[in-house]
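Only this structure's heavy atoms are used, side chains among them; waters, hydrogens and symmetry mates stay out. Convention: sequence-line order gives letters A, B, ...; per-chain numbering from 1.
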Amino acid sequence: MNTVKKSKGLTIFLNVLFSLVLALLIFITINVL
Amino acid sequence: MIDFITNKIIPVFTNIMIPEILTIISIFVGLLFLFSLLSKNNANKISYTFVIYVVLTSVLSLLLSVSVIIYALLIISFIICVVVMFSTEIKRSVWNTKTSKTISSEAANTVRNNHKLVTHNINEIVKALQNMSKNDIGAILVFSNTKIPSSIIDSGVKLDSDISSALIESIFFPKTPLHDGAIIIQNDKIQAAGCFLPLSQESDLPKELGTRHRAGIGVTEMLNVTAIIVSEETGIISVAKGGKITRYADSESLRKTLKEYYWQDLLENVKDNKSNKEEKGGKDII
């Protein structure tokens with residue numbers, strides 16, 4: 001049960017991290033270009 | 001490299017205003033929806049591929065100074081591919097957010113004013129379920145007081161008929177054209193029969209649960225409905241609600257389920273709309 005909760009938490013964390021990093025990257029690229 | 005960062009990237013953040021922040025937030029929300037959709041469907045590999053793809057595209061676009069349109073096209077093309085691949089899952093998530101726990105007060109009042117009708121319907125449904133369970137006839141009934149997506153209703157045959165045990169048993173009688181699908185019951189009517197439901201993708205379900213049970217669980221995962229399933233192999237009656245299945249339901253628990261999950265919702269809705277005096281009368285129905 002704990003493992004399931006941990007993996008779910010990790011997935012949410014990774015999703016938020018990826019989204020934030022990519023959003024910034026896309027924003028910077030569009031502005032620089 | 002350092003020159004590039006100081007000359008090109010830092011100025012982007014020095015002039016940051018509310019529109020820019022809103023742009024970042026909107027891109028962030030869109031990407032978060034995409035990533036959560038992919039992770040829900042065990043497609044983490046596509047998430048990682050997308051991250052690598054965006055990073056590589058961005059770096060190369062910056063190095064080669066390509067046009068913004070080409071860069072946008074490259075990013076959008078990948079997103080379109082993902083949307084095409086997961087169109088069904090996207091549809092599901094849209095349905096899920098659009099369906100609310102609402103019911104027309106007119107329909108609720110009809111039921112409320114007919115205490116006999118409520119009892120009659122519950123008796124007929126329980127009778128049909130028990131008869132089918134005795135004879136090992138597979139069946140799936142979906143009880144809904146939300147709007148069922150039209151694609152589900154359209155996949156079967158629209159009936160809009162009164163609830164009767166004879167009709168339910170006839171529909172599920174083996175080798176009849178409609179026996180393989182689900183019956184959708186809404187308020188005091190059988191809306192449609194022979195409907196195809198989305199299957200649950202849960203991998204932890206016991207192996208003895210077949211496609212019918214998966215469909216029952218799948219529809220309750222997606223919509224605010226209750227599904228009652230009769231196993232064709234064993235005659236066991238199961239109740240699915242909110243993606244969870246309870247097996248070995250007897251007459252009493254079926255009655256309780258029908259009152260709690262189906263009619264209770266109607267009554268609660270009526271209570272919200274009526275004055276305190278009328279609420280007191282409404283409690284007598286159950």
Side-chain angles (χ1 to χ4, degrees), chain A, chain B residues 4-5 7-16 19-40 42-44 46-72 74-76 78-79 204:
Chain A
M1 191 66 186
N2 281 335
T3 324
V4 174
K5 270 186 184 173
K6 264 184 194 173
S7 71
K8 209 176 175 183
L10 185 71
T11 314
I12 293 167
F13 172 72
L14 280 177
N15 285 345
V16 173
L17 186 77
F18 284 158
S19 310
L20 196 65
V21 170
L22 291 192
L24 284 170
L25 189 64
I26 291 169
F27 177 75
I28 292 166
T29 315
I30 289 171
N31 274 281
V32 171
L33 290 176
Chain B
F4 180 80
I5 294 169
N7 294 334
K8 297 266 187 181
I9 295 172
I10 290 172
V12 173
F13 289 100
T14 51
N15 300 324
I16 208 155
E20 280 81 11
I21 294 169
L22 287 175
T23 314
I24 295 173
I25 291 171
S26 61
I27 300 171
F28 170 73
V29 171
L31 289 172
L32 194 62
F33 175 75
L34 190 77
F35 282 126
S36 53
L37 180 87
L38 290 171
S39 59
K40 267 182 204 166
N42 293 326
N44 285 331
I46 298 177
S47 297
Y48 302 142
T49 316
F50 183 65
V51 173
I52 294 165
Y53 178 81
V54 172
V55 171
L56 280 177
T57 318
S58 305
V59 171
L60 283 173
S61 304
L62 287 170
L63 288 176
L64 300 171
S65 300
V66 295
S67 148
V68 184
I69 297 166
I70 293 171
Y71 174 72
L74 285 168
I75 301 289
I76 290 167
F78 195 103
I79 294 171
D204 301 335

| Do you know which of B:Val29, B:Val66, B:Val59 has the most heavy-atom pairs under 4.5 Å to chain A? | B:Val66
| Would you say B:Leu22 has more than 12 foreign heavy atoms packed within less than 6.0 Å of its CG? | yes
| task | First locate atom CD1 of A:Ile30, then atom CD1 of B:Ile75, and finally report the distance between them rounded to the nearest 0.5 Å. | result | 8.0 Å
| query | CD1/B:Ile25 to CZ/A:Phe27 distance, rounded to the nearest 0.5 angstrom? | reply | 11.0 Å
| Pair A:Leu22-B:Val55, side chain to side chain contact (heavy atoms under 4.5 Å, CB included): steps then yes or no | CA-CA 8 Å; A:Leu22 291 192; B:Val55 171; 4.3 Å; yes
| request: Could you tell me whether the side chain of A:Phe18 reaches within less than 4.5 Å of the side chain of B:Leu34, counting heavy atoms only? | output: no
| note | Highest number of heavy-atom pairs under 4.5 Å with chain A among B:Ser61, B:Ser58, B:Ser67 belongs to B:Ser58
| message | Could you check whether any side-chain heavy atom of A:Leu24 comes within less than 4.5 Å of a side-chain heavy atom of B:Phe28, counting everything from C-beta outward? | response | no
| Does any non-hydrogen side-chain atom of B:Ile24 lie less than 4.5 Å from one of A:Leu20? | no
| Reported CD1-to-OG1 distance for the pair A:Ile26 and B:Thr57, which is rounded to 0.5 angstrom | 9.0 Å
| request: May I ask you to name which of A:Asn31, A:Leu25, A:Val21 has the most heavy-atom pairs under 4.5 Å with chain B? | output: A:Leu25
| said: If I compare all heavy atoms of B:Ser39 with all of A:Asn15, which pair ends up nearest, and what's the gap? | reply: OG-ND2, 3.2 Å
| If you measure from CZ on B:Phe35 to CG on A:Leu17, what distance do you get to the nearest 0.5 Å? | 9.5 Å
